[in-house]
Amino acid sequence: KWKQLSRLQQNMIIFLLAFLILCGFLSYIHMADQWKALSGKPTEERKMMPEIPPVLPAPQKADASPAFSKMLPQRPRKHFRRGPPHLQIRAPNTDSKAGTQDDTKEQAAAPGDAHQEENTQRTVISWRGAVIEPEQGTGVPLRRAEAPAKPSPLVTRMQKEPAVLNERQEGVMEAFRHAWKGYRQFAWGHDELRPVSRSFSEWFGLGLTLIDALDTMWILGLKQEFEEARTWVSQKLSFKKDVDVNLFESTIRILGGLLSTYHLSGDRLFLRKAKDFGDRLMPAFMTPSKIPYSDVNIGTGVAHPPQWTSDSTVSEVTSIQLEFRELSRLTGVKKFQEAAEEVTRHVHHLSGKKDGLVPMFINTHSGSFTHLGVFTLGARADSYYEYLLKQWIQGGKQETQLLEDYLAAIEGIKTHLVRHSEPNKLTFIGELTHDRFSAKMDHLVCFLPGTLALGVHHGLPADHMELARALMETCYQMNRQMETGLSPEIVHFNLYPPTDNLDVKVKPADRHNLLRPETVESLFYLYRTTGDRKYQDWGWEILQSFNKYTRVPSGGYTSINNVQNPHKPEPRDKMESFFLGETLKYLYLLFSDDQNLLSLDTYVFNTEAHPLPIWALS
């Protein structure tokens, strides 16, 4: 058959075969060079890739089965008394040789994870086919970010001999164990527990509750639970998913949770995961105005606004800065900080404010506020004010623009939104719509007493504490005046004397409780800054109400539909991740008398209660 071909056909076939052989040879040489280059990288370039050994001892042998059916659901679980670690401060190892030795120990300690960790390392340096080279330095004010992947100077470790807890801390510990039991048994690795139906629900499909609870477990000293969760993060958590995430919610919960856990544990696994996730969020900032879209697909890199509008929420785009700034400081990659701070600067110069108060929406195309004339400290605006103060604290109190905006906003709140209810003259924060006042206050606003107290702790005007104390009383009454002792989502205050002697009234659509943390968050700050034990007592009352009306016998806690009906609170069958990440964490810290346990002079909490270090000045 070969001889039957013409000479031209024979020559073409010979040429094609020679070409394929040549291409194969060149491809082999190219791949060999890549492997040689990868294996020959200096230690400084690879030090972020391997994982340092776990700082926790291996979990003690125990029943690995998640079945807890033999336990009496409502009876407190017996356990050894344990307490919070004294947060030991030590300088991190900066010697690359020491880091290499740690990496070797990790490989020897966990050979079963080698393949998984290799994949994790690759995602750190490559995303969607593009190699990410760390940039050196992050510029002002990140003075200590000279080299990428350097652990925080504040690395804390669990005590080998945990301190004895007081009775109330034991109560929080038992509540956490009960909530974790339900999650571990019915929702392990999923976003949220549905405790009544003993199932789970997904939002992002990224183990939201587990990540949100990592630093809480560390703070509570739950070594075995933490180590089991860490193994899941190491082996199962992957961000290579074709899924849309909300930029704000995923930043404060996932990115914030990973960064906080890295600082507390010193385990670079969490920093690598944070870096990978941060890279995948960056397409959200690719808008004409640099105001980020609300949603981004972490697998495809496609970002977009909600389906119903091209606007983003002001609180969401201005409440990601703590996390992105810290990620730049740790990795040396400037793009995270630059993108987030450009939003802050842009909002600072915008028109449409009212004495420091900002509207709720901002357009991603024009970069201008929309829905002008509507001002609230509730949903869609709340954490804007919180992050002005906390960024100023995080950066060592050097960024005066943030402080000026915060102080102006507090004066605007006093002028336009503060009122007093009848008959008990409770101080509350209302809303303003085109100069028309509404006596509506979200439970979310109860973050404000704590934020005000934190500002006074860091040297801001003393009269802020007067407002903080008054608002704290109001938030407590929002719980106490309900039949279940739990606050509804929204209340309306009486501006004129009512017939029932109550200051608050609740509409049927607003009487649900989502296990929110804002009241106990502010109780923590007020107790830390004043030492008044009544705030501990109030927090204990709220924990008792959670146990009485939201606890599910088989494990977990559920949000409820009706805080005004103690006989039929109507469970909603959902345990939000922030119940473990925030509510129980703040209660535990509230009941501690150790001022050095996550000191307010050392850490600043993000809006999901994940502690990040305050930057030391050079």
Got a list of side-chain donor-acceptor pairs under 3.5 Å for residues 388-397, not counting sequence neighbours?
from	atom 1	to	atom 2	distance (Å)
Lys390	NZ	Glu386	OE2	2.7
Lys390	NZ	Phe605	O	2.9
Gln391	NE2	Tyr387	O	3.2
Gln394	OE1	Arg325	NE	2.8
Gln394	OE1	Arg325	NH2	3.2
Gln394	NE2	Leu322	O	3.1
Lys397	NZ	His458	O	3.4
Lys397	NZ	His458	ND1	3.2

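- Using cut-offs of 30° and 60° for the angle between ring planes, the Trp188 and Trp180 rings count as perpendicular.
- With contacts defined as side-chain heavy-atom distances shorter than 4.5 Å, the pair Cys475/Glu518 does not qualify.
- Aromatic pair Tyr535/Tyr525: ring centres not closer than 6.0 Å.
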Practice task
Apply the test side chain to side chain contact (heavy atoms under 4.5 Å, CB included) to residues His610 and Leu259: give CA-CA distance (whole Å), side-chain angles for both, the deciding distance (0.1 Å), then the verdict.
Solution key: CA-CA 8 Å; His610 297 305; Leu259 290 172; over 6 Å; no
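- The closest side-chain heavy-atom distance from Leu515 to Ile560 is not below 4.5 Å.
- The aromatic rings of Trp540 and Phe591 lie perpendicular to each other, with more than 60° between the two planes, well past the 30° mark.
- Among all heavy-atom pairs drawn from Gly256 and Glu323, the shortest one is CA-CG, 4.0 Å.
- Using a distance-only test at 3.5 Å, with no hydrogens or angles considered, no donor-acceptor pair links the side chain of Gln337 to the main chain of Phe324.
- At least one side-chain heavy atom of Phe186 sits less than 4.5 Å from a side-chain heavy atom of Ser554.
- Checked against side chain to side chain donor-acceptor pair (under 3.5 Å), Thr376 has the following partners two or more places apart in sequence or in another chain: Glu431.
- Scanning for salt bridge (charged side-chain N to carboxylate O under 4.0 Å, His left out) contacts around Asp382 gives an empty result, with sequence neighbours left out.
- Partners of Phe204 by side-chain contact (heavy atoms from CB on, under 4.5 Å), not counting sequence neighbours, listed by chain and number: Asp191, Leu206, Leu208, Val245, Asn246, Glu249, Ser250, Ile254.
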Handout entry: Worked verdict on Glu228 versus Gln224 for side chain to side chain donor-acceptor pair (under 3.5 Å)
Key = CA-CA 6 Å; Glu228 186 177 30; Gln224 182 169 331; 6.0 Å; no
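- Residues meeting the salt bridge (charged side-chain N to carboxylate O under 4.0 Å, His left out) test with Arg168, sequence neighbours left out: Asp537.
- A donor atom on one side chain and an acceptor atom on the other are found under 3.5 Å apart for His420 and Thr427.
- Residues satisfying the side chain to side chain donor-acceptor pair (under 3.5 Å) criterion with Asp463, sequence neighbours excluded, are Lys414.
- Asp593 meets the salt bridge (charged side-chain N to carboxylate O under 4.0 Å, His left out) test with Arg533; sequence neighbours excluded.
- Residues satisfying the side-chain contact (heavy atoms from CB on, under 4.5 Å) test with Asp573, not counting sequence neighbours, are Arg194, Pro195, Val196, Ser197.
- A search for side chain to side chain donor-acceptor pair (under 3.5 Å) contacts involving Thr550 returns nothing, not counting sequence neighbours.
- Neither side chain, Gln398 nor Trp615, offers a donor N or O lying under 3.5 Å from an acceptor on the other.
- Checking Arg528 against His457 by side-chain atom types alone, no donor-acceptor pair falls below 3.5 Å.
- Judged purely by distance below 3.5 Å, without hydrogens or angles, the side chains of Ser383 and Ser319 pair a donor atom with an acceptor atom.
- For the residue pair Asn547 / Tyr557, a side-chain donor-acceptor distance below 3.5 Å is found, with atom types taken as modelled.
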Problem - Evaluation steps, side chain to side chain donor-acceptor pair (under 3.5 Å), between Glu326 and His263 - result: CA-CA 11 Å; Glu326 181 62 14; His263 278 293; 2.7 Å; yes
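- By the side chain to side chain donor-acceptor pair (under 3.5 Å) test, Glu541 is found to be paired with Tyr476, residues two or more places apart in sequence or in another chain being considered.
- Annotation: side chain of Tyr183 is in contact with side chain of Leu210 (closest heavy-atom distance under 4.5 Å).
- A heavy-atom distance below 4.5 Å is not found between the side chains of Ile211 and Lys273.
- Looking at Asn606, its side chain does come within 3.5 Å of a backbone N or O of Glu608 through a donor-acceptor pair.
- By the salt bridge (charged side-chain N to carboxylate O under 4.0 Å, His left out) test, Arg516 pairs with Glu489, sequence neighbours left out.
- In this model, a donor atom of one side chain and an acceptor atom of the other lie less than 3.5 Å apart for Arg253 and Ser577.
- Listed by first then second residue, pairs satisfying salt bridge (Lys or Arg N to Asp or Glu O under 4.0 Å) with a partner in residues 206-221 read Asp215-Lys585, not counting sequence neighbours.
- Among all heavy-atom pairs drawn from Leu526 and Pro449, the shortest one is CD2-O, 3.6 Å.
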Exercise for the section: For Ser201 and His190, run side chain to side chain donor-acceptor pair (under 3.5 Å): C-alpha distance rounded to whole Å, both residues' side-chain angles, the deciding distance at 0.1 Å, then the answer. Expected result: CA-CA 7 Å; Ser201 61; His190 297 284; over 6 Å; no
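- With a 4.5 Å cut-off on side-chain heavy atoms, Val506 and Ile490 do not count as touching.
- Contact annotation: the side chain of Leu589 approaches that of Ile219 to within less than 4.5 Å [non-hydrogen atoms, C-beta and beyond].
- Residues Leu327 and Ala274 come closest through the heavy atom pair CD2-O, 4.0 Å.
- Heavy atoms only, all atoms of each residue included: Pro611 and Leu264 are closest at CG-CD1, 4.4 Å.
- Smallest separation of non-hydrogen atoms from Pro566 and Glu483: CD-CB, 3.6 Å.
- Note on ring orientation: taking the six-membered ring where Trp is involved, the planes of Phe226 and Trp218 are perpendicular (angle over 60°, cut-offs 30° and 60°).
- Between Leu407 and Pro461, some side-chain heavy-atom pair lies under the 4.5 Å cut-off.
- Gly207 approaches Trp232 most closely through the heavy-atom pair CA-CH2, 3.8 Å.
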